[in-house]
Amino acid sequence: MEVNKLISPKGLYELDIPDSWESENTDMWQSFYNPDTGCGALQISAYSAPNETEANPSNLLLEHLRNQTIKYSEADIELKDSKNIRLAAIHFIRDEIYWKLWFIAKSRTVLFMTYNCGIADIGREEKEVEAMISSINILK
């Protein structure tokens with residue numbers, strides 16, 4: 001799979017996206033999708049955590065799940081800590097849509113990422129999406 005390195009518009013992070021995927025930017029997030037054969041979209045929002053010396057992705061994920069009234073089990077939460085980057089993730093189905101959410105933090109910089117697709121398409125783009133997530137490097 002051929003990839004291109006992409007740096008976010010504000011220079012907060014970089015990631016590798018497959019050649020076949022495109023991106024769109026708004027003031028709030030970047031979206032990534034395959035316009036030809038894709039079935040879902042990955043969206044990334046970046047911000048600085050307020051009033052904290054270091055952002056805690058696990059706390060941010062739990063707060064988001066509570067605010068959105070998403071039912072979950074602690075066992076469903078994936079936690080990783082590598083390359084000075086901490087990650088908390090979860091996946092679930094809500095209203096016939098498959099969702100995967102990630103909070104990634106380095107110091108005070110936070111990336112909130114979502115991927116969604118129809119339940120019939122679960123797993124179709126998993127390899128590409130996980131490769132993009134694994135390639136993320138927070139620059140600031």
Side-chain angles (χ1 to χ4, degrees):
M1 170 174 62
E2 294 292 319
V3 297
N4 294 307
K5 180 134 336 252
L6 183 136
I7 297 176
S8 70
K10 295 180 182 176
L12 291 176
Y13 63 90
E14 65 183 6
L15 78 158
D16 296 333
I17 63 168
D19 277 344
S20 57
W21 287 55
E22 293 183 5
S23 67
E24 290 183 10
N25 301 323
T26 72
D27 290 341
M28 304 277 299
W29 63 79
Q30 275 189 291
S31 295
F32 303 92
Y33 59 93
N34 183 323
D36 299 322
T37 62
C39 57
L42 175 68
Q43 292 187 323
I44 302 177
S45 219
Y47 62 94
S48 291
N51 304 322
E52 291 187 42
T53 54
E54 288 213 7
N56 184 322
S58 181
N59 290 347
L60 293 168
L61 177 62
L62 293 173
E63 180 181 351
H64 179 78
L65 295 172
R66 280 191 301 273
N67 289 344
Q68 298 299 315
T69 62
I70 297 168
K71 294 179 183 180
Y72 67 94
S73 162
E74 294 282 335
D76 295 333
I77 297 174
E78 172 190 351
L79 300 173
K80 289 184 183 176
D81 194 348
S82 63
K83 299 188 299 186
N84 297 326
I85 293 176
R86 293 169 295 132
L87 174 146
I90 193 167
H91 62 91
F92 56 90
I93 295 172
R94 188 175 198 183
D95 299 328
E96 301 296 314
I97 303 291
Y98 170 81
W99 290 90
K100 185 152 186 183
L101 311 178
W102 299 263
F103 278 91
I104 296 179
K106 179 179 179 184
S107 187
R108 289 186 56 226
T109 300
V110 177
L111 304 183
F112 172 51
M113 296 168 289
T114 65
Y115 171 79
N116 65 69
C117 67
I119 56 176
D121 296 313
I122 293 173
R124 250 183 71 193
E125 297 177 322
E126 183 174 12
K127 183 178 176 181
E128 293 97 334
V129 171
E130 290 297 333
M132 285 187 275
I133 299 300
S134 295
S135 76
I136 287 176
N137 183 26
I138 296 177
L139 302 172
K140 295 182 181 180

For a quick test of your reading: what N or O donor-acceptor pairs under 3.5 Å do the side chains of residues 70-78 make, sequence neighbours left out?
from	atom 1	to	atom 2	distance (Å)
S73	OG	A75	N	3.2
D76	OD2	S73	N	3.2
E78	OE2	K80	NZ	3.3

Just list the side-chain donor-acceptor pairs under 3.5 Å for residues 86-96, sequence neighbours left out, or say none.
from	atom 1	to	atom 2	distance (Å)
R86	NH1	A55	O	3.0
R86	NH2	E54	OE1	3.3
R86	NH2	A55	O	2.3
R94	NH1	Q68	O	2.9
R94	NH2	Q68	O	3.0
R94	NH2	T69	OG1	3.4

Report the residues that fulfil side chain to side chain donor-acceptor pair (under 3.5 Å) with [X], sequence neighbours left out, ordered by chain and then residue number.
| X | value |
| --- | --- |
| N4 | D19 |
| N25 | Q30 |
| S23 | none |

Problem set entry | Between CD1 on residue I7 and CG on residue L15, distance to nearest 0.5 Å |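 Rounded to the nearest 0.5 Å, the CD1-CG separation comes out at 10.0 Å.
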For this session: Quick one: pull up OG in S107 and CD1 in I85 and give me the separation to the nearest 0.5 Å.
Result: 11.5 Å
For this session: Can you sort out the partners of Y13 under ring-ring contact (aromatic ring centres under 6.0 Å, His included), two or more places apart, ordered by chain and number?
Result: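 Counting only residues at least two positions away or on another chain, Y13 forms no ring-ring contact (aromatic ring centres under 6.0 Å, His included).
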Exercise. Mind checking what makes side-chain contact (heavy atoms from CB on, under 4.5 Å) contact with N59, not counting sequence neighbours?
Worked result: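 N59: side-chain contact (heavy atoms from CB on, under 4.5 Å) contacts with N56.
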Could you tell me if the side chain of [Y] sits less than 4.5 Å from the side chain of [X], heavy atoms only?
| X | Y | value |
| --- | --- | --- |
| S20 | D36 | no |
| I44 | T114 | no |
| L65 | L101 | yes |
| L139 | L12 | no |
| M113 | I104 | yes |
| E14 | S135 | no |

Exercise. Donor-acceptor pair, S31 side chain versus Q43 backbone, under 3.5 Å?
Worked result: no
Problem set entry | Minimum heavy-atom distance between I138 and K106, given as atom pair plus value |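 Scanning both residues, the minimum pair turns out to be O-NZ, 3.4 Å.
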Please determine whether residues [X] and [Y] belong to a single hydrophobic cluster, defined as Ile, Leu, Val, Met, Phe, Trp and Tyr linked transitively by side-chain heavy-atom distances below 4.5 Å.
| X | Y | value |
| --- | --- | --- |
| L61 | W29 | no |
| Y33 | L111 | no |
| L62 | Y47 | yes |

Exercise answer: donor-acceptor pairs, residues 117-131 side-chain atoms, under 3.5 Å, sequence neighbours excluded:
from	atom 1	to	atom 2	distance (Å)
D121	OD1	R124	NH1	3.1
R124	NH2	T37	O	2.4
E125	OE1	G40	N	3.1
E125	OE1	Y115	OH	2.5
E125	OE2	C39	N	3.0
E130	OE2	K100	NZ	3.0

Exercise. Parallel under 30°, tilted from 30 to 60°, perpendicular over 60°: which one fits the rings of F112 and F103?
Worked result: parallel
For this session: Can you tell me which residue pairs pass the salt bridge (Lys or Arg N to Asp or Glu O under 4.0 Å) test with a partner in residues 57-70, sequence neighbours excluded?
Result: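 Not a single pair qualifies under salt bridge (Lys or Arg N to Asp or Glu O under 4.0 Å).
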